[in-house]
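Worth saying up front: this structure is predicted, and the values here are computed from it rather than measured.
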Amino acid sequence: MKHTLLGLSLLATCASSAYAQTPAAPATTPTTAPAKPAAPKPLVLPDAPKGTGRLSGTVLDGTTKKPVEFATVALLPATGDTPIDGTVADEKGRFSLRGLVPGTYRLQLSFLGYAALTRDVTVTGGNTDLGPLSLAASAQQLGDVTVTGEKETVEVKPDRIVYNADRDLTNKGGVAADVLRKVPLLNVDLDGNVQLRGSSNIKVLINNKPSSILAGNLADALKQLPADQIASVEVITTPGAKYDGEGTAGIVNIILKKNNLQGVNGSVNAAAGNRSSNAGGSLNVRRGKVGVNTNLSSYLYYSPSASNSERTNFGSSPDNVISRLNQNGSGDNIGGGAYGRMSLDYDPAKNHSLTVGFSGSLNRNHNENQQTNDLRVFSGPTASQLFTRAAENNYNSSSYDVNGTYTRTFEGQPRREWSLLAQHSRNRNLQPYALNQYQNQYTATGLPNYRESSDNLSRNLETTLQTDYTHPIGDKRSVEVGGKAILRQVLSDYQIQTATGTDAPFVVDKQRSNVFDYDQNVAAAYATYGFPLGKKLNSRVGTRLERTDIVGRFQQNDITRFTSGYTSLLPNASINYTRKPGSSIRLAYSRRIQRPNIYYLNPYENRVDKFNVSRGNPELDPEFTDSYELNYSTFVKGSVLNFSLFTRQTNNAIETVRTQRLDTTVSTFANVARNRTYGASVFGSFKPTTKWEISGSTSFNYVVLRSGFLNTTNEGLMYNFNLNSTYKFTKTLSAQFYGGISSSRVQLQGRSSAWNYYSMGIKKTILKEKGDLTLNADNFITARRDLNSYVSTPAFNLEQHNYIALRGIRLAFGYRFGKIEAAPPKQRRSIRNDDTKAGESQGGQQ
């Protein structure tokens with residue numbers, strides 16, 4: 001009773017909101033599958049005498065040895081088929097039946113895509129632990145490849161939605177941005193900016209941990225990761241206390257492909273297209289206690305661009321300039337790079353496992369563009385101008401992650417676990433540019449009257465140490481505790497050189513050149529308590545305590561050195577009611593903190609466009625967000641349905657702020673707003689026939705943005721809808737369609753454009769089902785899309801149009817080789833640094 005009162009009290013204090021649950025489907029080894037049986041019916045149990053016996057165990061996939069989440073467990077009499085008792089396994093496949101009368105029974109385990117397992121059991125007056133129990137997937141043997149029951153494209157789990165990217169044909173040969181665009185609840189615009197339920201304040205992880213590839217501009221980073229390496233994407237909207245302080249919307253976790261198969265096996269793949277091409281391969285070797293997984297890929301991409309904009313100054317700024325600026329530009333963008341990773345797994349003893357991993361990336365991008373600037377000044381201290389600038393921009397980045405994990409489990413206590421983790425990451429970006437300006441010309445011809453060049457180096461170093469411990473209390477309760485330290489060192493070294501005329505030497509512009517150092521150290525501890533409130537009601541309460549210390553300084557002016565520190569208490573709570581297997585209601589609450597990363601902090605001024613300057617703000621404070629969610633999920637006759645209502649409020653929100661300085665618009669970031677969002681989302685998945693699968697989601701968000709600092713309020717309704725459909729003509733031939741529509745996005749000082757996106761793919765399995773050919777076409781009706789935005793302030797109005805090349809076609813080939821022999825994997829923890837605000841290619845609604 002004491003635990004119950006404690007949980008209810010904390011829930012009442014925190015308020016709460018939610019997420020969903022439906023059965024997860026079994027793991028897939030590699031290709032096609034027979035149709036799944038109908039969903040299991042809920043257990044209807046008669047009254048039965050109670051005793052002192054207990055029966056527990058863990059349900060595993062017979063091939064992969066991974067947990068079968070939410071399998072149905074029924075206890076039957078020695079003779080007869082009427083259940084005496086029953087339950088549903090948890091997310092780790094564990095189950096426990098209590099209050100049993102000693103005797104002989106039959107235990108029946110079942111789940112979609114698996115053959116039911118029935119075995120005789122004897123219950124004593126104490127606890128009877130059956131250990132691991134394996135379910136055999138509905139399967140058929142095809143030479144060296146075992147084909148099992150497939151996962152659905154989208155699965156709904158108690159605290160997250162999982163999109164299985166390897167089941168989606170239209171991802172073949174694409175990049176990570178193409179994959180995220182199809183994930184329920186996510187919204188990825190035509191420029192690659194990611195939002196979750198209307199907010200861009202998300203943290204993207206790779207394999208449950210941060211990656212240096214994502215340390216800078218998120219939109220650019222998602223173009224570097226090939227889609228063929230992605231197994232699934234998880235969306236977590238109300239993270240618990242064990243996660244770092246994610247700010248507003250939640251966490252997006254990209255799971256890369258990896259297997260635990262004995263022997264030598266792997267794959268090769270290649271894709272060629274008009275907008276992008278890539279090639280790669282994987283090799284996996286496992287012998288007994290040692291396993292090595294490797295993956296390497298390279299990519300090329302090409303994208304032409306065009307843009308135009310019009311800005312009107314009203315003369316209400318302190319400079320009293322009334323003017324109109326028209327800008328027209330065009331260019332070509334070409335780039336490429338490589339991404340590789342390797343991990344070593346070693347299990348020295350039954351309850352001990354060790355994993356060491358390395359990943360690294362290289363990216364090179366070159367952009368050439370011309371922009372004509374026509375400024376007409378009607379009133380004010382400046383004169384009209386006409387000139388064209390020709391610029392060359394380069395983006396060279398390199399990054400690596402080194403990490404290690406030790407996990408200790410305990411014999412006879414399947415829920416007890418201790419882990420120790422360490423990681424070191426480095427990200428280095430060099431972004432030089434050179435430009436020539438041609439006065440009174442609409443084209444870049446003749447001799448320039450002005451030249452400018454810049455070297456902008458940014459570097460991010462991050463070291464993390466973490467420990468986690470889970471301790472079960474009886475069959476239903478558990479305590480999780482842990483601690484973490486994150487040490488970050490950020491450097492921005494920028495130098496601008498200018499020259500007037502064609503032959504004049506370059507001179508360093510000291511007002512625009514400096515070296516900025518920024519250190520951020522975070523120490524954290526958390527605790528979570530999980531306990532039942534009844535047979536169908538479970539609750540979790542927790543809190544996270546974080547201490548942040550910051551030091552920032554400019555090397556050329558030590559007077560600007562600043563320090564700050566703050567302590568944050570971040571509570572969370574959830575309560576889950578399971579009506580029947582596969583049907584649940586969840587209420588959850590979480591408070592998160594979100595710190596700005598180098599993209600927001602970097603004080604370097606980008607002046608390639610002299611009329612539109614952008615820079616970061618090194619004195620930004622963190623955001624705090626309270627999120628509430630109510631979620632209902634059910635599984636009806638093979639169909640998944642999920643409904644959510646949510647609200648969140650962000651205080652001290654970081655927003656893009658645009659101000660006018662004479663004829664120049666300056667864009668930066670500031671803690672100037674309070675954001676409140678009210679929303680609802682619906683997701684559904686069903687199979688009209690055994691060969692046809694359809695899934696879709698829609699969400700509606702009403703956003704209210706208020707800034708007392710800017711004396712500005714903006715609000716409005718945003719929505720998005722997507723549909724995904726797969727049809728299997730034969731065992732070796734299938735087709736898929738994806739389409740999505742998104743409304744315009746509300747921003748503090750304006751709105752961005754609405755957009756739509758669609759793709760079609762057809763896949764043919766060849767070479768005795770070891771290979772496949774996939775043909776994809778994206779946005780094939782129109783060659784370009786207009787990604788426009790509108791900004792309105794008391795000083796000026798700005799209308800921008802960026803024409804993005806989206807029409808694409810690509811042919812992809814993949815081949816798998818080697819024997820497939822199952823090896824039981826051990827659960828391995830990984831670091832999750834999800835506490836910093838990531839950047840976008842454009843300032844978006846936060």
Side-chain angles (χ1 to χ4, degrees), residues 14-19 185-187 193-204 218 235-240 243-252 544 546 548 566 568-572 588-597 599-601 617 619-629 644-657 668-681 699-718 745-752 834-840 842-846:
C14 298
S16 289
S17 83
Y19 217 41
L185 305 183
L186 293 187
N187 183 57
N193 298 310
V194 184
Q195 291 189 339
L196 172 55
R197 288 176 167 171
S199 172
S200 58
N201 287 357
I202 60 175
K203 182 63 180 181
V204 180
L218 178 59
V235 179
I236 309 170
T237 53
T238 50
Y243 291 95
D244 291 335
E246 177 60 27
T248 55
I251 293 172
V252 176
R544 186 177 186 91
E546 295 189 347
T548 305
Y566 47 87
S568 309
L569 186 65
L570 309 172
N572 65 86
Y589 161 81
S590 66
R591 178 171 172 81
R592 314 302 293 172
I593 183 177
Q594 190 151 301
R595 306 172 184 87
N597 73 358
Y599 176 81
Y600 289 86
L601 299 169
N617 180 0
E619 299 186 20
L620 287 174
D621 293 324
E623 301 175 340
F624 289 90
T625 300
D626 294 284
S627 299
Y628 308 82
E629 184 174 1
S644 294
L645 296 173
F646 68 92
T647 181
R648 62 173 178 263
Q649 177 170 310
T650 300
N651 296 313
N652 210 33
I654 298 172
E655 292 286 347
T656 300
V657 176
T668 187
F669 305 100
N671 300 99
V672 295
R674 184 180 69 182
N675 297 356
R676 180 173 285 275
T677 302
Y678 308 89
S681 61
S699 64
F700 296 88
N701 309 316
Y702 192 84
V703 180
V704 181
L705 309 177
R706 288 192 174 94
S707 173
F709 178 81
L710 296 175
N711 193 26
T712 298
T713 297
N714 198 9
E715 59 185 273
L717 179 68
M718 303 188 299
R745 320 306 293 173
V746 177
Q747 299 174 333
L748 182 61
Q749 293 176 303
R751 295 183 74 99
S752 61
D834 38 39
D835 62 311
T836 58
K837 183 184 181 75
E840 304 172 85
Q842 295 178 337
Q845 188 271 324
Q846 307 300 325

**OP:** Would you check if the side chain of Asn652 reaches a backbone N or O of Phe624 as a donor-acceptor pair within less than 3.5 Å?
**Re:** no

**OP:** Would you sort out whether Glu546 and Leu570 count as a side chain to side chain contact (heavy atoms under 4.5 Å, CB included), showing the intermediate values?
**Re:** CA-CA 8 Å; Glu546 295 189 347; Leu570 309 172; 4.1 Å; yes

Excluding sequence neighbours, so at least two apart, what forms side chain to side chain donor-acceptor pair (under 3.5 Å) with [X]?
X: Arg706; value: none
X: Thr548; value: Arg595
X: Ser699; value: Asn720

Spacing of [atom1] belonging to [X] relative to [atom2] belonging to [Y], to within rounding of 0.5 Å:
X: Glu623; Y: Asn675; atom1: CD; atom2: CG; answer: 7.5 Å
X: Asn671; Y: Glu655; atom1: CG; atom2: CD; answer: 10.0 Å
X: Thr677; Y: Asn701; atom1: OG1; atom2: CG; answer: 6.5 Å
X: Asn572; Y: Asp626; atom1: CG; atom2: CG; answer: 11.5 Å
X: Leu717; Y: Phe700; atom1: CG; atom2: CZ; answer: 7.0 Å

Shortest non-hydrogen separation from [X] to [Y] and the atoms involved:
X: Leu620; Y: Phe669; answer: CD2-O, 3.6 Å
X: Ala670; Y: Asn617; answer: CA-ND2, 4.3 Å
X: Phe646; Y: Ala680; answer: CE2-N, 3.7 Å
X: Arg751; Y: Gly716; answer: NH1-CA, 4.3 Å
X: Gln749; Y: Thr656; answer: OE1-O, 3.7 Å
X: Pro571; Y: Tyr589; answer: O-CE2, 3.7 Å

Original post:
Does some side-chain heavy atom of Val703 sit less than 4.5 Å from a side-chain heavy atom of Met718?
Top reply: yes

**OP:** State, yes or no, whether a side-chain contact exists between Val204 and Val194 at a heavy-atom distance under 4.5 Å.
**Re:** no

Qualifying residues under side-chain contact (heavy atoms from CB on, under 4.5 Å), relative to [X], sequence neighbours excluded:
X: Gln649; result: Asn651, Arg674, Arg676
X: Thr712; result: Leu710, Leu748
X: Asn714; result: Val746

